[in-house]
Amino acid sequence: MPLLSGSASVSRFRVAPVLDDPGFDAHAFRAIAPGSETREAIGFVPIEPEAPYRAGHDRWFFRVRIDTLRADPTAVRERLNELVRTEIEQGLGFVGTKKRKQLKELAEEELILEARPRTKIVEGCLDGSTLWIGSTAKNVIGRVHEMLRRLGVGVDVRAPWAERGDPDIEDSVIETYEPGESVLGSRFLGHLVGDPDILVEPEAGLVRLRTEDARVTLSGAVLPDLHRYLERDARLLTAKLIVGESTFRFDALPFRVSALRVESDRHEHWTEQLDDRLEKIAAVYGLLDSKYETLAPKILRG
């Protein structure tokens, strides 16, 4: 779900320093050469060949391309069966675990020589001191951070609790794993239930909660069950929310927005399209930031 078109799944971070020219070409994508032992290639690519990375004053739009060579698992199993059968026919009689592992590696190497790389493209935008990444997948975000560090750009969390310096808290029900995740996000989402400006989708909803015993997913007309779970002190993790005419999924612990429907006009140039969509994406994050600021005293009390 990219930044420039379609529904947007967007992660927001803070970067430093803000570079006059990040120098994306120094780490441009280079394709895997045929017959090479390289199994992965990663690098920056512009929106289209020869297009500039600059998208405005202090704004740079980039794509990270990741090509990966992997043999198809089904084809590997079939080729492994053939190799095992050949070994048995040659009188081996039994193929043990160690030999099967060797044959599997041989099958993978054979098939990789015929395979085509799988390509993943991730869009990103350096907008002053803010980094927008068109993904909420942890492994994808990590690869983009890795590439930016090669440019000398440091990436840090940008969530309201981090901006305010709110103390981290522990919870007997929720565990956090990713840097920047906080139980405060779950408390924030719980306080949003019933908010007049940010609504929980009442008819085609999606909610994920955590109780002391289990993870719970609600879908459809979620509000009656949601209120019952909250009365039992369940913790909210994710909810489909409505702001104006836009719907999106809010992942509370990392403070991330996904599946955001962004209505925008058609523009002649991609920089105008980016300006329009980023303005609407930033507005959703800005509203969430302001709501957290308002609710912070309640959130910190528990």
Side-chain angles (χ1 to χ4, degrees), residues 1 7-14 133 135-142 145 156-243 246-260 284-285 287-302:
M1 295 182 180
S7 296
S9 290
V10 186
S11 301
R12 182 187 64 170
F13 298 89
R14 184 169 297 283
I133 299 177
S135 176
T136 54
K138 295 179 183 179
N139 62 324
V140 173
I141 290 170
H145 287 185
D156 203 355
V157 174
R158 187 174 175 188
W161 46 82
E163 302 280 289
R164 289 167 42 89
D166 290 339
D168 199 8
I169 58 174
E170 294 184 357
D171 189 277
S172 60
V173 176
I174 300 175
E175 293 184 8
T176 57
Y177 301 98
E178 185 181 352
E181 285 188 344
S182 176
V183 173
L184 295 173
S186 174
R187 290 187 180 180
F188 169 55
L189 184 52
H191 283 293
L192 283 183
V193 176
D195 187 272
D197 301 314
I198 304 177
L199 309 177
V200 176
E201 165 62 66
E203 297 177 359
L206 175 64
V207 171
R208 293 192 176 96
L209 308 101
R210 187 75 170 88
T211 69
E212 290 187 354
D213 302 315
R215 288 180 177 268
V216 179
T217 299
L218 307 176
S219 60
V222 300
L223 288 179
D225 287 333
L226 172 60
H227 286 293
R228 280 195 289 271
Y229 273 105
L230 292 179
E231 288 171 1
R232 299 171 192 167
D233 206 25
R235 311 295 199 268
L236 257 172
L237 303 176
T238 302
K240 185 177 180 182
L241 303 177
I242 303 174
V243 172
S246 297
T247 62
F248 60 94
R249 190 182 75 191
F250 180 61
D251 294 315
L253 300 186
F255 204 82
R256 287 187 190 145
V257 169
S258 60
L260 171 63
V284 170
Y285 268 99
L287 178 59
L288 291 169
D289 288 337
S290 65
K291 285 292 180 181
Y292 182 92
E293 185 69 31
T294 300
L295 294 168
K298 295 181 179 179
I299 293 169
L300 294 172
R301 284 199 301 268

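Keep in mind that what you see is a predicted model, and the values were worked out from it rather than measured. Numbers for residues simply follow the sequence, beginning at 1.
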Margin query: Let's go through Asp168 and Ser182 carefully: what are the C-alpha distance in whole Å and the side-chain angles of both, what is the deciding distance for side chain to side chain contact (heavy atoms under 4.5 Å, CB included) to 0.1 Å, and is it a yes or a no?
Written below: CA-CA 7 Å; Asp168 199 8; Ser182 176; 3.6 Å; yes
Item checked: Residues which pass salt bridge (charged side-chain N to carboxylate O under 4.0 Å, His left out) with Arg158, listed by chain and number, not counting sequence neighbours -> none
Checklist line | Heavy-atom donor-acceptor pair, Ser186 side chain to Leu236 backbone, under 3.5 Å | finding: yes
Check: Which heavy atom of Pro297 sits nearest a heavy atom of Thr294, and at what distance?
Finding: CD-O, 3.6 Å
Margin query: Less than 4.5 Å apart, side chain to side chain, heavy atoms only: is that true for Leu260 and Val10?
Written below: no
Check: Taking Ser290 for the side chain and Leu287 for the main chain, is one N or O donor matched with an acceptor at less than 3.5 Å?
Finding: yes
Next item on the list: Output every pair passing salt bridge (charged side-chain N to carboxylate O under 4.0 Å, His left out) with a member in residues 214-234, not counting sequence neighbours, ordered by first then second residue.
Entry: Asp225-Arg228, Asp233-Arg235
Item checked: Contacts of Arg187 that satisfy salt bridge (charged side-chain N to carboxylate O under 4.0 Å, His left out) - sequence neighbours left out -> none
Scan the side chains in residues 188-211 for donor-acceptor partners under 3.5 Å anywhere in the protein, sequence neighbours excluded, and list what turns up.
unit_1 : atom_1 : unit_2 : atom_2 : d
Asp195 : OD1    : Asp197 : N      : 2.7
Asp195 : OD1    : Ile198 : N      : 3.0
Asp195 : OD1    : Lys291 : NZ     : 3.2
Asp195 : OD2    : Lys291 : NZ     : 3.1
Asp197 : OD2    : Lys291 : NZ     : 2.7
Glu201 : OE2    : Glu203 : N      : 2.9
Glu201 : OE2    : Ala204 : N      : 3.1
Arg210 : NH1    : Ala214 : O      : 3.2
Thr211 : OG1    : Asp213 : N      : 3.2
Thr211 : OG1    : Ala214 : N      : 3.0
Thr211 : OG1    : Ala214 : O      : 3.1

Item checked: From NZ (Lys240) to CG (Leu218), nearest 0.5 Å -> 14.0 Å
Next item on the list: Can you sort out the partners of Thr238 under side chain to side chain donor-acceptor pair (under 3.5 Å), two or more places apart, ordered by chain and number?
Entry: Asp251
Margin query: Just to verify, what does Val157 make a side chain to side chain contact (heavy atoms under 4.5 Å, CB included) with, not counting sequence neighbours?
Written below: Ala159, Ala162
Checklist line | Tyr229: partners by ring-ring contact (aromatic ring centres under 6.0 Å, His included), with sequence neighbours left out | finding: none
Notebook entry, point to check: With Glu175, which residues qualify under salt bridge (charged side-chain N to carboxylate O under 4.0 Å, His left out), at least two apart?
Noted result: none
Checklist line | Within residues 293-302 or reaching into it, pairs that qualify as salt bridge (charged side-chain N to carboxylate O under 4.0 Å, His left out) - sequence neighbours excluded | finding: Arg164-Glu293
Next item on the list: Provide the closest heavy-atom pair for Arg256 versus Phe13 in the form atom of the first, atom of the second, distance.
Entry: NH2-CZ, 3.7 Å
Notebook entry, point to check: Do you know the tightest heavy-atom contact between Pro167 and Leu184?
Noted result: O-CD1, 3.8 Å
Item checked: Whether Tyr292 side chain and Ile299 backbone form a donor-acceptor pair below 3.5 Å -> no
Next item on the list: Locate the shortest heavy-atom distance separating Val183 from Leu253; write the atom from each residue and the value.
Entry: CA-CD2, 4.2 Å
Checklist line | Residues forming a side chain to side chain contact (heavy atoms under 4.5 Å, CB included) with Ala137, sequence neighbours excluded | finding: Ser135, Asn139, Val140
Next item on the list: With sequence neighbours excluded, tell me which residues meet ring-ring contact (aromatic ring centres under 6.0 Å, His included) with Phe255.
Entry: Trp161, Phe250
